[in-house]
There are 2 protein chains.
Amino acid sequence: MWTEAVAARLSITGSAKAVFRSLVLDGPSTRPNMGSALGLSRPTMSAAIAELENLGYVEMIGAVRGPLGRSASQYRVGPQAGHVMAVDAGSTSIRLRVSTLDRRLLYSHVHRLPMRQFEVSAEVSRAVAAEVAAALAATLPEWGPLSTLGIAVPTRVVGPDGDAEASRQNVVFTAFTPPQQTTVLLENNVNCAAVAEMHYGAAQGEETFSYVQIGLKIGMGLVLGGQLIRGRYGAAGEIGHLAFPFAPGTEPRPGEVEHYLGTEALMARVHADWSPDDGAPPLDTTELLLMAGNGGVGAQRHVAKHAADIGAIVASCVSVVDPGVVVLGGGFGSSPLLLPGVSDTVRRLSYSAEVRSSDLGSDATVLGIERLAMERGLLLALGETI
Amino acid sequence: MWTEAVAARLSITGSAKAVFRSLVLDGPSTRPNMGSALGLSRPTMSAAIAELENLGYVEMIGAVRGPLGRSASQYRVGPQAGHVMAVDAGSTSIRLRVSTLDRRLLYSHVHRLPMRQFEVSAEVSRAVAAEVAAALAATLPEWGPLSTLGIAVPTRVVGPDGDAEASRQNVVFTAFTPPQQTTVLLENNVNCAAVAEMHYGAAQGEETFSYVQIGLKIGMGLVLGGQLIRGRYGAAGEIGHLAFPFAPGTEPRPGEVEHYLGTEALMARVHADWSPDDGAPPLDTTELLLMAGNGGVGAQRHVAKHAADIGAIVASCVSVVDPGVVVLGGGFGSSPLLLPGVSDTVRRLSYSAEVRSSDLGSDATVLGIERLAMERGLLLALGETI
DNA sequence: TTAATTAGTTAAGGTGCCTAACACTCCCTG
DNA sequence: CAGGGAGTGTTAGGCACCTTAACTAATTAA
């Protein structure tokens, strides 16, 4: 086995790395454009492009003519740069996307699970294995090597020095063995959604923000200075464990915020408190929101109460990290009906933070893990692994 | 005016920067030591030292002989690198330190304020002006230029694009004009204490931790990945604004945590609840802690209760950012008597975090702002200003 | 067809690091 | 007290990676 490619990887010039990074992150471009953007001279651009073309990291895709002068050739990321596979091992479905490092979608599939999974189970693992196998079978040679496989899981995720047993992050591998020669990247699903909001959603252009997901469970993803914050044990954003109930004379119970703010407890309160004058009670949160949106007074009261409770949680997060912007997501949290109530409570309790609703929907997580896999693939291609 | 020095600053080679940084951060050293630590060859070390000596950034301070062979000359930071002044504009005293970039103390003074200041006032500003003037008068030519003046203030601090009126951070300048040609660095006092804990205190060697200060007021300083987290509006760590009281059926009130956990409210509860069997009630928290340490049952009960409350706050912080290590500081918080109670509550409510007591005492803040000023001075000397 | 304009290449040079080889200083030994 | 071993510091030469200057190539407007 000859290791020319490996040797070559370790000696990419700084300018070539910058050009490649630019093509990955900003999409196809011409030499003059990248040269002026990166502050590189034309000879250097020549050398960088030649170097990357030799590696197959870059390919010409045509010419662009301006109003005057010779037309410039345009380049994009080439096949040898590899591609990534992103999997969202969710509770109701497995979402999978295969794409190039510069985010050209090569393959995608959504598999609905037969029944809701409350945690990562062997059944989820089997479904992931089947979906990944299907994607691998559909792989075409011109996609190049599979560089990174990213998997979003609903557990906290620790690094190689952490206790992976305690976090249960590896349950996804009970019935699934990742392909060889591929880097595997595991990330918490809420963190992934936060990453997606940063790049494609409500937090575009924000360096610092917090993403709060409210659904069956609650969680937070934190981005500070463009960096995803994971915490020492991968437990940053586990706001289900905020002290609650917390008041003079009461004793907080672990995980109680999650129980109290999750949709099941909410619906239980709605049903317990529903007045017959308001008609039949809603069956789930979707109906509750629908009724509130249609002017149902009882529904609106419950939504407003819940918005205030969510606002208190958000205010606590704002008080700790001051993110400036808070994006509300998740099945329940992303409803714009919550926005005024949450916003008011936050403004009343803490320093200002702009509260927004997510609009990425259920694709947020898979888009986020795809993005993280692409970033890892970029580092791998450049030989800049940690 | 000739700008040779400025021009020279802008063209320091990378190796010289690395050598200078090493001398600043790790103290005096020899060429061979730094060369092997930084991975630089002997010719490169020669060039770097020559370059820095020409600028006056470095000076030889003697020779070190090993067991064998020629002795190596030792270098340290030179006068032209400048020095920094650090001021803690505290509530009971103004603490001032002048030191070189490599932390050789040149001058220090503590000025006790005639009466406790609950916020930055004109009186504090006048005292700062007097202390700085005294320090400037004591300045010797061989200290080199005053590069940075750091001031720690008990307000949040926003950057140049923030609303400095709202933060009241500039009140310290009402009666005080900083010297010309000097960079002024303003930082929140709790953040400063956190920085001191990281470098000289209970969080030495930790990349990620949280510092919780409990005294008359409460606050938190957050360090993630070695970086001090300030937040979008400088309000990160304002845990006095955590949602409280927060329980079903109650409505949180802004800033209520601070009122409830601050020492004044604590002592009010102690007095209201004091049993005559336990003798005369304590006059302040120092006495309360003393009585608890001496086995006073009533005092111990109150300390334990307060520790549990602090534990709940800490658990909330841990749930949001998962710092791994929490250092307790401040007049009341740094008492080791609190440690078991806080620790137990945190363990019960959230993912694990190690809780420690600070032992830097009342110097923490001035040591932290000194450190930040030194780091800024280093960047300025290297022409790496943002 | 020619001039103007932009794209890309070739040639020459500078910066910042390296290795190799030599010179210097220190201590130990015979 | 000369000689040698070991570590420190300098000189010479070279390489990697960027630059500017000047050229060639392609394209449009006049």
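Within every chain, numbering begins at 1; the chains are lettered A, B, ... in the order of the sequence lines, protein sequences first and strands thereafter. Being a predicted model, the structure only gives us computed values, none of them experimental.
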Nearest-angstrom distance from the residue atom CD of B:Q74 to C1' of D:dG9: 17 Å
Nearest-angstrom distance from the residue atom CG of B:L40 to P of D:dT8: 15 Å
Touch class at under 4.0 angstrom, heavy-atom based, for B:P43 against every strand present: base
Protein-nucleotide distance (B:R31, atom CZ; C:dC24, atom C1'), rounded to Å: 12 Å
Note, A:L380 side chain near A:T183 side chain (heavy atom, < 4.5 Å): yes
Sugar-phosphate only, base, or nothing, as touched by A:G39 at under 4.0 Å among non-hydrogen atoms: sugar-phosphate
Length of the line joining A:K17:NZ and D:dA16:P, which is rounded to integer Å: 15 Å
Whole-Å gap separating P (D:dC17) and CG (A:L52): 13 Å
Flag side-chain contact, heavy atom, 4.5 Å: A:V223 against A:T208: no
Value in whole Å for how far the P atom of D:dA6 lies from CZ of B:R42: 14 Å
Lys/Arg cation over aromatic B:F209: A:R232, 6.0 Å, 45° cone: no
Backbone N/O of A:P145 and side chain of A:H83: donor-acceptor pair under 3.5 Å: yes
B:Q181, CD: over 12 other non-hydrogen atoms inside 6.0 angstrom: no
Length of the CD1-P vector between B:I12 and C:dT15, whole Å: 16 Å
Residue pairs, two or more places apart or on separate chains, that pass ring pair (Phe, Tyr, Trp, His ring centres under 6.0 Å) and touch residues 13-41 of chain A: A:F20-A:Y57
NZ/NE/NH1/NH2 to OD/OE distance under 4.0 Å, B:R21 and B:E384: yes
Presence of A:T13 side-chain N/O under 4.0 Å of D:dC17 phosphate oxygens OP1/OP2: no
Spacing between B:M45 atom CE and C:dT19 atom C1', to the nearest angstrom: 17 Å
Distance test, side-chain N/O of B:S15 to OP1/OP2 of C:dG16, below 4.0 Å: no
Please list, for nucleotides 26-30 of chain D, all pairs of protein and nucleotide N/O atoms separated by less than 3.5 Å.
{"from": "D:dT27", "atom 1": "OP1", "to": "A:S71", "atom 2": "OG", "distance (Å)": "3.1"}

Under-4.0 Å side-chain N/O to phosphate OP1/OP2 contact, B:T44 with C:dC18: yes
Under 4.0 angstrom between B:S73 side-chain N/O and D:dT8 OP1 or OP2: no
